[in-house]
2 protein chains.
Amino acid sequence: MSYGEVRERATRMDSPADPQAVGEKNANAGVEIGLNAAIVAVADNEPQVLVIRGETDKAGATDGLPFGPFSPLHHRTFEGGLRTWVKHQTGVELGYVEQLYTFGDRGRHAQQGDVGPHVVSIGYLALTDAHPGSDLTHGTWRSWYQYFPWEDWRRGRPEILGSTIEPRLRDWIASQPATTGQPITRQERVRICFGLEGAGWDEEKVLDRYELLYEAGLVDEAARDGRKAADEWQDRPRLGQPMHYDHRRILATAIGRVRAKIKYRPVIFELMPDDFTLFELQRTVEAILGPHLHKQNFRRLVEGAGLVEPTGEVKMRTGGRPAKLYRFRREVLLERPAPGVRVKPGKV
Amino acid sequence: MSYGEVRERATRMDSPADPQAVGEKNANAGVEIGLNAAIVAVADNEPQVLVIRGETDKAGATDGLPFGPFSPLHHRTFEGGLRTWVKHQTGVELGYVEQLYTFGDRGRHAQQGDVGPHVVSIGYLALTDAHPGSDLTHGTWRSWYQYFPWEDWRRGRPEILGSTIEPRLRDWIASQPATTGQPITRQERVRICFGLEGAGWDEEKVLDRYELLYEAGLVDEAARDGRKAADEWQDRPRLGQPMHYDHRRILATAIGRVRAKIKYRPVIFELMPDDFTLFELQRTVEAILGPHLHKQNFRRLVEGAGLVEPTGEVKMRTGGRPAKLYRFRREVLLERPAPGVRVKPGKV
DNA sequence: CTCAGCTATGCTCAACTTGAGCATTAATGG
DNA sequence: CCATTAATGCTCAAGTTGAGCATAGCTGAG
């Protein structure tokens, strides 16, 4: 097949095509690329995310994730562009950066009948040990549980689940049309996502839960996007703070990804200072994951996996016996295929 | 900060901005979105990928992955657009579809000094049990190991590793400038990626291996992109068949993702017919992963996890005792948080 | 100055999982 | 009918994991 033929086919969507061809044939379908970053740090045992405060309306402030348009003229790679503008704006030096997902749904944050330029957002997860509070020119560190209170299991099952979410979801289940040919019922979906009826809470299903709540019309973004009439919404307490556009969805993706990732990659150390005690490490893991872990087993795990080595120093004033300080053993990356904090949730 | 201010800042890349603002301010940075799909099936114990045959030049045919531009006017979601054009073109009904990664590197497949429209490709992985050979209007099923012969460990360690890849990589290691301040040496990287010196082969590191070979100038794409002078390349046998643009990179990502995914999600059944024997299932898993698995343990695992249930039928003419037929128990999705074929590679 | 209180850290044990291999069952093709 | 080839059942040792008991070593109250 010649290159010309390839180009011919490009608009029929069935062949590889070259960049120029696409540019010429579909100029009217031009799309803007936006990079959104969920920048995560942990401070005071609280997982923090860097947000830009929005304006305050009757419903309160609406925050958004840091955002930068991607300009192919200025940036060779997405990740490079991201690091540059985040550093430039906030002074935060990103450690680990990982692409999450590219969101392009119409109907999520687009208006009805929208035919203008379309924005595709590429979501990123970034981890940093930057000390929240320092050097920020824009943006604020906020606990990610403000946006997802039902994800915070550090003090047991969050009250909001039983008091608000479950009753609402039961209404939603009850309102399901009887004759749908859905392969899976609303009831089953709720059960799996929220771990009801003995299904067990899976801390990684952050996005699934958010999307279910969205679909059920229980988060502000759903109302805003026109899924529910506004007045039907007024009297309902909001479930977590909303964010601009689909930013809460991106953040949900980010939280789920970190929670999964620390179990098989030592990314948790991106969130730690150079030296730390094992209990501080455990607290950080718990801030991310939720449930409490068995202390002795946690240290056996971390030490046994060769993830850390003692610095020789100790930390005094722990409230009890002094704790040995450790540092991350970067060499594990060279030794083990999938080193990570292989924790499983303990008893709550 | 008001929303107007936020919009002002958008072009300084430091704040959330609304779609319209981005569209107006950066019209000259317009970007085209292309969807690339690695469509995978397994036939005759061979993992197959659907490719579009390219033209034949002196170096042989260059294949590409099916490609379709994304038009925000016609498609509400990326995935919807993908399913539609794939079905339309090939007749293949996609089962499981998953977004892989969004590639936007300049310098990968862009020409020097390219300042024209930029193409961003969103790579997708799709699984289907479509029987290769049927209903294809365009495209051909080919074994993915044609493009990655070093990934095929089904008959033990692939010969190409010892005969060709290792010597070449040793040259590359030897040619490393002595005084680089690299945090990790070429030698270490090769060791980890290719499991040398007892490091162990990690079948999921498909992309890492490909990118290392690319960086070392050992795959055709590297030469094509200008990393090596063409004549320096001539006499070298190619390492696997090349593909258009960065399609082999996308395929590498896809293979790595499937290999990882089947271990914690029951996606393997997307590749199977409705009824199958446990050994057929094992063969399919092995086609994907590579190494041989311990037969008895494999069946213990699969049955124990409740992934399958007997249909009551048996399959005769297996060459020995008749084999019970099984089907996928879809209910596991409702029972377990992360059902999958938790195999670990056995002895090779 | 001493001891209660508190956290750090060491160690044990039973239950469960995993890797391997032996043994038995049941068609198939001469 | 028997040798061959798979399928399937079962056992066992080694390793991993969940839980808890016990000891060590500061700090602050009295």
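Side chains are part of it too, since the values below use all heavy atoms of this structure and drop only hydrogens, waters and symmetry mates.
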Exercise. For T277(B), what residues pass the side-chain contact (heavy atoms from CB on, under 4.5 Å) criterion, not counting sequence neighbours?
Worked result: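 In terms of side-chain contact (heavy atoms from CB on, under 4.5 Å), with neighbours along the sequence ignored, T277(B) is linked to F279(B), E280(B), K315(B), A323(B), L325(B).
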For this session: Output all residues satisfying ring-ring contact (aromatic ring centres under 6.0 Å, His included) with F269(B), sequence neighbours left out; order by chain, then residue number.
Result: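 If we apply the ring-ring contact (aromatic ring centres under 6.0 Å, His included) test to F269(B), skipping adjacent residues, the hits are F276(B), F328(B).
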Quick one: do [X] and [Y] make a salt bridge, cutoff under 4.0 Å?
X	Y	result
E211(A)	R189(A)	no
E46(B)	R142(B)	no
R259(B)	E151(B)	yes

I need the [atom1]-[atom2] distance between [X] and [N], as an integer number of Å.
X	N	atom1	atom2	value
H292(A)	dT7(C)	NE2	C1'	16 Å
F298(A)	dG10(C)	CZ	P	15 Å
Q282(A)	dA8(C)	CD	P	9 Å
M316(B)	dA27(C)	CE	P	5 Å
L301(B)	dG19(C)	CG	P	9 Å
L293(B)	dT18(C)	CG	P	14 Å
E313(B)	dA27(C)	CD	P	15 Å
R317(A)	dG25(D)	CZ	C1'	14 Å

Exercise. Taking I255(B) as the fixed residue, which of I288(B), V206(B), V49(B) is the one that meets the side-chain contact (heavy atoms from CB on, under 4.5 Å) rule?
Worked result: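 Of all the options given, the one that passes is V206(B).
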Problem set entry | Base-contact (B) and sugar-phosphate-only (S) positions in nucleotides 6-14 of chain D, heavy-atom cut-off under 4.0 Å, - elsewhere | BBBBBB---
